[in-house]
Amino acid sequence: MAQITPNIIILGPQGSGKSTQAEMLAKTFGSNLIVTGQLVRNTIKKNINLSKKIKSYVERGELVPDDILFKKIYEPHLKRVNKNKAIIFDGIPRKPSQMNKLHLLIKKSKIKEPYLLYLYIPDSLVYKRILSRKICPKCEKNYKPKDIGYKKNLCPKCITKLVKRKDDTDKSALRKRLSIFHKDTQKIINHYKKINRLIKIDGRKSVTKVNKEVLKKIKKICNDNKK
Ligand code: AMP
């Protein structure tokens, strides 16, 4: 079956709601969803030779080096996804070198060139959202103070105690993650703008409003591509 919906890279600072939107998109379109941070954490959990090394980068708020990320984590995973469905890439690329490597991998895997969906929010909102968020260690869903389960500290789906991610509670690690984000992603955004594949969305609005906006833009792309 031919793939109709476009492949999408979702980019935005921590707390911009990108993971929520990525999940919603994957559900709406039945796409593959690749969450890079989750792949990294799963590799740590596997307790293989590399796990300890990878964990040390994550805990310091640093990016896992490209060679480990692509050769040991990303490439093997990409081989297993259903290529007849669109792919939503969450959390990659985070810097120009990853953009180039992902581009090569996509080409090699005969995957269509993705669009970049950029969710932007100010830094002050990043701090506010991240420092208050909790996560279910089982299903990895994020919880905001307004969400059901947050106050009771229990994921309603998994009946598992919610926790704070270690790298979310450390202000200096968060500052580091955010400064890396700004420094490295602008070139990526500029590139996708230049090739006319940038979808820019204001992430300050509610989840529903952002999703509506995102779907509107993607449907327009689908229609334009049919012409
Ligand atoms: P996240 O859940 O997206 O905040 O990612 C958690 C951690 O996984 C990051 O702090 C990095 O250590 C690692 N990670 C996630 N995505 C990438 C990436 N694209 N490149 C390198 N490391 C990554």
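When a ligand or atom number is given, it counts from 1 through the structure's own listing order. No experiment lies behind these values; they were computed from the predicted model shown.
The environment of NZ in K141 is crowded: more than 12 heavy-atom neighbours from other residues, nucleotides or ligands sit within 6.0 Å. In the displayed structure, R204 atom CZ is contacted under 6.0 Å by at most 12 heavy atoms of other residues, nucleotides or ligands. Within a 6.0 Å sphere centred on NZ of K209, heavy atoms belonging to other residues, nucleotides or ligands number 12 at most.
For atom 8 (O) of ligand 1, the nearest non-hydrogen atom of the protein is V40 CG1, 3.8 Å. Of all protein heavy atoms, the one lying nearest to atom 22 (N) of ligand 1 is V64 N, 2.9 Å. For atom 2 (O) of ligand 1, the closest non-hydrogen atom of the protein is R41 NH1, 2.9 Å. The nearest heavy-atom contact from the protein to atom 9 (C) of ligand 1 is R94 NH1, 3.9 Å.
Counting atoms of ligand 1 from 1 in the listed order, those under 4.0 Å from a heavy atom of R177 are 4 (O). The distance from ligand 1 to the heavy atoms of Q98 drops below 4.0 Å at these ligand atoms: 18 (C), 19 (N), 20 (N), 21 (C). Using a 4.0 Å cut-off to heavy atoms of G37, the atoms of ligand 1 that qualify are 2 (O), 5 (O), 15 (C). Every atom of ligand 1 is numbered from 1 in the order shown, and the set under 4.0 Å from a heavy atom of G91 is 16 (N), 17 (C), 18 (C), 19 (N). Which parts of ligand 1 touch E62 is read off a 4.0 Å heavy-atom cut-off, strictly below it: atoms 11 (C), 12 (O).
In terms of polar-atom proximity, L63 is not counted as a contact of ligand 1, lacking any N or O under 3.5 Å from an N or O of the ligand. Residue T36 has no nitrogen or oxygen atom sitting less than 3.5 Å from a nitrogen or oxygen atom of ligand 1, judged on distance alone. Residue K18 has no N or O atom closer than 3.5 Å to an N or O atom of ligand 1.
Side-chain contact between K205 and E213 is present, with at least one heavy-atom pair separated by less than 4.5 Å. Here the side chains of V40 and Y74 are not in contact, with every heavy-atom distance at 4.5 Å or above.
Of the inter-residue distances, the one linking I148 atom CD1 with C155 atom SG reads 11.5 Å to the nearest 0.5 angstrom. A distance of 11.0 Å separates CG in L102 from CD in E75, rounded to the nearest 0.5 Å.
Not a single heavy atom of Q14 sits less than 4.0 Å from an atom of ligand 1. Contact analysis leaves R60 out of contact with ligand 1, as no non-hydrogen atom separation drops below 4.0 angstrom. At a 4.0 Å cut-off, not a single heavy atom of Q38 sits close enough to ligand 1 to count as contact.
Remark: R177 fails to qualify as a cation-pi partner of F181 under the 6.0 Å distance and 45° angle criteria applied to the six-membered ring. Annotation: cation-pi geometry not satisfied between K144 and Y150 (NZ/CZ under 6.0 angstrom from ring centroid, within 45° of ring axis).
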Exercise. Are L78 and F70 close enough, and set up right, to give a side-chain contact (heavy atoms from CB on, under 4.5 Å), and what steps lead you there?
Worked result: CA-CA 10 Å; L78 201 56; F70 279 89; over 6 Å; no
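Of all the heavy atoms of R165, the ones lying under 4.0 Å from any atom of ligand 1 belong exclusively to the side chain.
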